[in-house]
Amino acid sequence: MSSSEISELVRQRQRKLQAIADLGVELYPRRWDFSHTLPQILERYASRTAEQLEAEKVTVRVAGRVMALRPHGKAGFAHLAGGGVRLQIYVRVDAVGERDFQLYKLLDLGDLLGVEGYLFRTRTGELTVHAERLQFLAKSLLPLPEKWHGLADVEIRYRQRYLDLMVNPEVREVFERRARLIRALRQFLESEGYLEVETPMMQPLAGGAMARPFVTHHNALNIDLYLRVAPELYLKRLIVGGLDRVFEINRNFRNEGISKQHNPEFTMLEFYQAYADYQDMMRLTERLLRHAAQAVLGSQEFDWCGHRLSLAEFQRLTMREAVIRYWPPAAGPAPSLGSLTQASELDRHIRAFNEWAAKQPGSPSLVNVRSDAAPGMKLQALFEAVAEEHLIQPTFVIDFPLEVSPLAKQKPDDPNFVERFELYIGGMEIANAFSELNDPVEQRDRFEYQQLLRQKGDLSAHAIDEDYIRALSYGMPPTGGEGIGIDRLAMLFTNSRTIRDVILFPLLRPEKRE
RNA sequence: GGGCCGGUAGCUCAAUCGGUAGAGCACUGCCCUUUUAAGGCAGGGGUUCUGGGUUCGAGUCCCAGCCGGCUCACCA
């Protein structure tokens, strides 16, 4: 920053910083030996009466960021913020001395301050520290956003999350809840005998999901590596190795669009359980989510974006049933179960739906799928356009088409479908799970089919992973596996309408600076 | 990447049909020893996102660009 760019407000604060130095005060001291955090003060003393406090004369040392200043001649008040709460201090010249009172008068909103004094209640009853000593801790050279509208500009909120956290208290609560959620998931899985592991984020092949990867380069080995799109294939290698229950909570990276439900890097919980199938995983998921909701919210029910969601019941629908149930009557007669497996019938349904959707106000989702795509892909595309947004209460969508599920085991009675489910809550896909395919010969066929799609230009088609086939060839037990999108779950538990509100630093285009 | 909407003081927002850029908070000075959106008096602060254009005159109209939001495409 050149001096000509420094605003008058900053210059004023620099002058005050110099004035503080002129008082003989250290500007950036090393430490402050506090006796209580601000939340501890409130916890322990909020219930004390004025008389009790006067009798006890509790001496405390606290610290916080100055968020309000109300000087009154030779005395004054301030509010310190810290730990998500505020505590008032009262400073009077005859209690702190001339030098510390001069310091008080030089404070700006945003400065960091330590205070030693005793607790009392003001005339209006507010628990307050009667200061006997002030310790300047750091200067805020830049002015804070406004005190009661807070910071509303979403771009600044995401780019300068530190400001957002300072002035918008509910933001802190969101990330505290997110942390409680992850802790609850971890606790639950550990109590079920799962081992937490970490697998590569940089992979020579980007496998385990149908998604476009980021590419990076390792100089010493002179090889390109992919940032992982999923840990799946590594976790199942561990199942082969005899780690019968494993989980990982970590970042995935997908080089695709950004939306209210998508950030290029996002946190995924994946877990695998030997000797289990997708039905077991459904039951486990219900228990896991109820446990998490109880731990984070203290309830199975919560509000989310105008809906009252309940984890008491998890509906089960096949993908085809979901299409039929949510088919808009105005688009013509609903498809039949049988018609949703035949390419020509599917094309007819897609045309009918798109014609209907194009006439709707706004711009509703259209089914967008290549005309030469496999029937299973068309069914999935139709499902997403027709049904997804209606799946507000928890719903397991089961029986996915074979063609879109290269790593899942076929249903014994219908080889066109696999033992797979996705869990939808709030119209969002929250979880994806299946009975893991463990036949190495069949797995090779599936990979080869994906290779065909890739050659036809589908950049998200799955790559062939020879070592994974080798691992399966040593024998993998029947296994249930699942991935849960932590960010989306955090959205549900924090009543957030965009994924950016539950990611501290969501990806934005970099700021242009001269 | 497409469509729609937006960008004005540090922050939150106004500005009529194209006619002198405003308010609240924040800030500066003075007064004030229990206030809390403290109060009283007096002040300062603007490249209206950037660059072009139209016009006697542009925050306002036109074009291009930058950044963001919503949405579609893509995807979880």
Side-chain angles (χ1 to χ4, degrees), chain A residues 5-13 15-16 50 67-79 86 88-96 101 108-110 120-126 128 130 140-159 163 167 208-212 229-230 252-268 270 357-358 362-369 380-381 384-385 388 422-424 428-432 458-460 483-489 497-500 506 508-514:
Chain A
E5 288 173 317
I6 299 175
S7 77
E8 181 54 31
L9 293 171
V10 174
R11 260 193 295 271
Q12 280 167 6
R13 284 170 180 241
R15 281 197 294 271
K16 287 202 214 174
M67 297 303 282
L69 284 166
R70 291 182 296 278
H72 291 257
K74 294 197 160 41
F77 292 89
H79 267 107
R86 288 180 178 218
Q88 182 169 261
I89 65 166
Y90 178 52
V91 182
R92 44 194 291 174
V93 62
D94 50 13
V96 299
F101 195 70
D108 280 305
L109 298 185
F120 77 114
R121 282 191 187 277
T122 62
R123 257 178 221 161
T124 54
E126 181 162 351
T128 302
H130 199 298
S140 176
L141 289 170
L142 295 170
L144 256 41
E146 200 232 23
K147 65 181 175 187
W148 64 78
H149 292 100
L151 180 65
D153 184 316
V154 290
E155 185 175 351
I156 299 175
R157 288 188 47 224
Y158 298 142
R159 288 195 195 280
L163 269 186
V167 302
M210 315 242 274
R212 296 176 67 175
V229 296
N252 289 346
F253 307 87
R254 298 190 184 176
N255 203 344
E256 283 159 355
I258 295 174
S259 78
K260 282 197 289 188
Q261 292 172 33
H262 301 85
N263 194 63
E265 54 179 310
F266 63 102
T267 302
M268 182 87 115
E270 285 204 11
S363 39
S365 289
L366 298 180
V367 184
N368 198 313
V369 67
Q380 178 171 257
E384 285 171 0
E388 188 165 358
E422 285 183 351
L423 172 63
Y424 286 83
M428 295 188 289
E429 183 190 333
I430 298 296
N432 177 22
D458 183 348
L459 295 169
S460 68
I484 294 182
I486 298 301
D487 312 274
R488 290 180 184 176
L489 201 52
R497 42 185 273 290
T498 158
I499 198 168
R500 292 176 164 195
L508 298 180
R509 209 178 287 272
E511 275 180 283
K512 274 246 168 88
R513 309 201 69 161
E514 288 148 49

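We use all heavy atoms of the structure for the numbers below, so side chains are in, but hydrogens, waters and symmetry mates are not. This structure is a prediction, so every number in the text was calculated from the model and none was measured. Every chain is numbered from 1, with letters handed out A, B, ... down the list of sequences.
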Identify whether any heavy atom of [X] sits under 4.0 Å from a base atom; if not, whether one sits that close to sugar-phosphate; answer base, sugar-phosphate or nothing.
X        : value
A/Glu126 : base
A/Ala211 : nothing
A/Met210 : sugar-phosphate
A/Leu366 : sugar-phosphate

Indicate whether OP1 or OP2 belonging to [N] is found under 4.0 Å from a side-chain N or O atom of [X].
X        : N      : result
A/Asn368 : B/rC74 : yes
A/Arg509 : B/rC67 : yes
A/Arg123 : B/rU35 : yes
A/Arg13  : B/rG10 : no

Distance-only donor-acceptor test (3.5 Å): side chain A/Asp153, base B/rU12: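 For A/Asp153, whose side chain was compared with the base of B/rU12, there is no donor-acceptor pair (under 3.5 Å).
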
Check: B/rU35 base within 3.5 Å donor-acceptor of A/Gln88 side chain: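 Donor-acceptor pair under 3.5 Å: yes.
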
Given RNA chain B, 5'-ward residue of the pair A/Arg212 and A/Gly76, judged by closest heavy atom: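 So the residue in question is A/Gly76.
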
Residues forming a side-chain contact (heavy atoms from CB on, under 4.5 Å) with A/His72, sequence neighbours excluded: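 A/Arg70, A/Phe77.
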
Could you tell me which non-hydrogen atom of [X] sits nearest to which non-hydrogen atom of [Y], and how far apart they are?
X        : Y        : value
A/Tyr158 : A/Leu508 : CB-CD1, 3.8 Å
A/Ile499 : A/Ser259 : CG2-O, 3.8 Å
A/Glu270 : A/Ala230 : OE2-CB, 3.8 Å
A/Lys16  : A/Asp108 : NZ-OD1, 2.7 Å

Residue pair A/His79 / A/Glu126, side-chain heavy-atom distance below 4.5 Å: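 Yes. Closest side-chain heavy atoms under 4.5 Å.
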
Side chain to side chain, A/Phe266 and A/Arg254, heavy atoms closer than 4.5 Å: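 A/Phe266 vs A/Arg254: side chains touch.
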
Using atom [atom1] of each nucleotide, how far apart are [N] and [M] to the nearest Å?
N      : M      : atom1 : answer
B/rU12 : B/rU55 : C1'   : 34 Å
B/rU50 : B/rC67 : C1'   : 11 Å
B/rU48 : B/rC5  : P     : 24 Å
B/rG7  : B/rC49 : C1'   : 6 Å

Assigned partner base of [N], Watson-Crick or wobble definition, under 3.5 Å:
N      : result
B/rG1  : B/rC72
B/rA64 : B/rU50
B/rG45 : none
B/rA26 : none

Interatomic distance, A/Leu151 CG vs B/rG68 P [rounded to whole Å]: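 Taking CG of A/Leu151 and P of B/rG68, I get 16 Å after rounding.
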
Length of the line joining A/Ile89:CD1 and B/rU35:P, which is rounded to integer Å: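 Going from A/Ile89 (CD1) to B/rU35 (P), I get 16 Å.
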
Proximal nucleotide (of B/rG10, B/rU28, B/rU35) relative to the A/Lys16 side chain: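 That would be B/rU28.
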
Cationic N near anionic O, under 4.0 Å, A/Glu155 to A/Arg509: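 No, A/Glu155 and A/Arg509 are not salt-bridged.
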
Name the pairs: protein N/O against N/O of nucleotides 44-50 of chain B, kept only if under 3.5 Å.
none

Contact list (N/O, under 3.5 angstrom) for nucleotides 38-40 of chain B vs protein:
residue	atom	partner	partner atom	Å
B/rA38	OP1	A/Lys147	NZ	2.3
B/rA38	OP2	A/Arg70	NH1	3.4
B/rA38	N6	A/Pro71	O	3.0
B/rA38	N1	A/His72	ND1	3.4

